[in-house]
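In what follows, a structure is listed as C-alpha cells, so that the remarks can point back to it.
Sequence positions, counted from 1, serve as the residue numbers for this chain.
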Amino acid sequence: MARIRVVLVGTQHPGNIGSAARAMKTMGLSRLVLAAPEKAPDRDSYALAAGADDVLAAATVAPDLAAAVADCHFVLGCTARSRRIALEQFDPRQAAALCEARARAGSEVALVFGRERTGLENHELQLCHAAVHIPANPAYSSLNLAAAVQVLSYELRMASLAASAPAAAPAPLPAAIVGDGGDRREPPASHAQMEGFFGQLGQALDAIDFHKGRTPEAAMHKLRRLFLRAQLDEREVRLLRGVLADVERTAMLLAAAQKR
C-alpha cells in the first residue's frame with residue numbers, strides 16, 4: 001500500500017480533498033497527490049478530513065498530472081463514462097488486484113481521479129495505462145469525488161488483505177498489464193521515461209514523413225497504447241531510443257544529400 005498513491009486532478013472544492021483523505025486513511029492509504037488543484041487545502045479540508053490530518057498535511061502538489069505520476073510505472077485513471085480514447089477498462093475489484101500486484105512487485109502505482117464536474121480530460125487519460133469504471137446505478141450514477149475514492153480504497157485494502165493471507169490463491173491477472181512483475185532483472189520504465197520515449201518517437205516519425213501529411217494524433221494514440229501494454233523496462237526503453245536516434249540521424253543525412 002505504501003507504493004500506491006491517490007492523485008486528485010484539478011480539484012475544485014477544498015472540502016473534497018479532506019473527505020478524500022479521510023476515505024484513504026480508513027483503508028490504510030496515506031499518499032495523496034494534488035495535481036493542479038483550483039484551491040489549496042483550507043480549514044474546510046481539515047474539518048472534513050476528520051482525523052486524517054496527517055494524510056492531508058503530507059499531501060504533495062504537482063503542476064499537472066504528468067508531473068504527479070512521473071516516477072510511476074503503472075497509472076490507472078478513474079472515468080465515469082466512455083471516451084473516444086480506447087483504454088482497457090476494469091471494474092474496481094479488478095483494478096485493485098492489478099494495483100496491488102504491481103505494487104507488491106516493487107512498482108510505483110497511481111490511481112487518478114478527475115475533476116468533480118468533468119472528470120479527467122482525454123489528454124490526461126492518454127497518460128494512463130488503463131481505466132477504472134465504477135458500475136453504479138445507470139439511472140443515477142452520480143458519485144461524488146470522496147465516494148469514488150472510498151470505493152477504490154476499500155477494494156485496494158481487500159486486495160492487500162487477500163494477498164497477505166497465508167492461504168490466499170492469487171487471482172489470474174491480465175499478462176498484458178501485469179507484465180513480468182518482480183521477475184524482471186531491469187526495473188520497469190517510469191512514466192517520465194516513457195513520455196521521453198514517446199516524444200522522441202513522434203520526432204522520428206516526423207523525420208521520416210511517416211504520417212504523409214495526415215494528422216499524427218491517431219497513429220500516436222495507437223502506438224502509445226501498444227507500448228504501454230508492453231510494460232517496457234528501462235533497458236528496453238534505452239534500446240528503442242537508440243534505434244530512434246539512428247532513424248533520426250539517417251533521415252537527417254538523407255535530407256542533406258537531397259539538397260546537394
Side-chain angles (χ1 to χ4, degrees), residues 7 9-10 35-36 62-77 79 82-90 98 102 105-110 112 114 120-131 174-260:
V7 181
V9 180
D64 52 32
L65 177 57
V69 300
D71 62 331
C72 290
H73 308 107
F74 187 53
V75 181
L76 284 178
T79 178
S82 60
R83 306 275 184 147
R84 291 182 179 179
I85 297 175
L87 277 178
E88 189 167 7
Q89 290 203 4
F90 299 101
L98 290 168
R102 294 302 305 272
S107 294
E108 288 289 326
V109 175
V112 182
L120 292 170
E121 302 292 340
N122 283 346
H123 73 275
E124 292 164 340
L125 283 170
Q126 280 285 346
L127 301 177
C128 301
H129 292 84
I177 294 295
V178 177
D180 295 329
D183 296 334
R184 283 182 166 168
R185 294 182 181 177
E186 288 282 323
S190 69
H191 196 275
Q193 289 168 334
M194 290 301 298
E195 288 304 307
F197 164 68
F198 289 134
Q200 188 177 3
L201 176 60
Q203 292 172 4
L205 294 179
D206 288 340
I208 62 174
D209 194 25
F210 174 82
H211 304 294
K212 304 295 188 295
R214 295 167 294 186
T215 56
E217 283 77 12
M220 282 302 300
H221 289 172
K222 292 176 182 177
L223 288 168
R224 287 181 68 97
R225 299 275 71 78
L226 187 156
F227 283 111
L228 287 176
R229 284 199 304 270
Q231 289 296 303
L232 302 175
D233 62 33
E234 291 183 355
R235 181 170 53 185
E236 291 166 339
V237 169
R238 290 195 298 270
L239 173 64
L240 287 171
R241 294 199 69 165
V243 172
L244 293 176
D246 278 349
V247 168
E248 291 180 282
R249 186 161 44 251
T250 301
M252 184 174 61
L253 292 173
L254 287 174
Q258 289 171 355
K259 291 179 179 179
R260 294 173 185 166

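- For the pair V9/E121, no side-chain contact is recorded, criterion being any heavy-atom separation below 4.5 Å from C-beta on.
- Between the side chain of Q200 and the backbone N or O of R241 there is at least one donor-acceptor pair closer than 3.5 Å.
- Residues L120 and G114 approach most closely at CD2-CA, 3.6 Å, considering heavy atoms.
- Surrounding NZ of K259 are at most 12 heavy atoms belonging to other residues, nucleotides or ligands under 6.0 Å away.
- Between the NE2 atom in H221 and the CG atom in L226 there is a gap of 14.5 Å [rounded to 0.5 Å].
- Contact between V69 and A110 at its shortest, heavy atoms only, is CG1-CB, 3.7 Å.
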Determine, step by step, whether L87 and R225 satisfy the side chain to side chain contact (heavy atoms under 4.5 Å, CB included) criterion, reporting the C-alpha distance in whole Å, the side-chain angles of both residues, the deciding distance to 0.1 Å, and the verdict. CA-CA 8 Å; L87 277 178; R225 299 275 71 78; 3.2 Å; yes
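- With contacts defined as side-chain heavy-atom distances shorter than 4.5 Å, the pair F210/V247 does not qualify.
- For the pair R102 and F74, the cation sits on the ring face: its NZ or CZ lies under 6.0 Å from the ring centre, inside 45° of the axis.
- Interatomic distance, SG of C72 versus CG of L65, reported as 9.0 Å (0.5 Å rounding).
- When all heavy atoms are compared, the tightest approach of A131 to T79 is CB-CG2, 3.8 Å.
- Among all heavy-atom pairs drawn from A68 and A35, the shortest one is CB-CB, 4.2 Å.
- Looking at K222 and E217, no side-chain N of the basic residue comes within less than 4.0 Å of a carboxylate O on the acidic one, giving no salt bridge.
- The shortest distance between side-chain heavy atoms of V7 and V112 falls below 4.5 Å.
- Between R238 and E186 there is a salt bridge, with a side-chain nitrogen of the basic residue lying less than 4.0 Å from a carboxylate oxygen of the acidic one.
- Scanning both residues, A189 and V237, for their nearest heavy atoms gives CB-CG2, 3.6 Å.
- In this structure, L254 and T250 have side chains that are in contact, with non-hydrogen atoms separated by less than 4.5 Å.
- With hydrogens and angles ignored, the 3.5 Å screen pairs a side-chain donor or acceptor of Q193 with a backbone N or O of S190.
- Side-chain atoms of L244 and Q203, non-hydrogen and from C-beta on, never get closer than 4.5 Å to each other.
- Between the CD atom in E124 and the CG atom in D64 there is a gap of 8.5 Å [rounded to 0.5 Å].
- Atoms CZ and CG, from R224 and L201 in turn, are 10.0 Å apart once rounded to the nearest 0.5 Å.
- Put simply, the side chain of H191 never gets that close to the backbone of H73: no donor and acceptor are under 3.5 Å apart.
- M194 contributes atom CE, which lies 5.0 Å from atom CG of L228 (distance to the nearest 0.5 angstrom).
- No donor-acceptor pair closer than 3.5 Å links the side chain of Q258 to the backbone N or O of A255.
- For the pair H129 (side chain) and V75 (backbone), a donor-acceptor distance under 3.5 Å is present.
- Taking each heavy atom of S107 and P188 in turn, the nearest pair found is OG-CG, 3.8 Å.
- For the atom pair CZ (F227) and CG (L223), the distance works out to 6.0 Å, reported to the nearest 0.5 Å.
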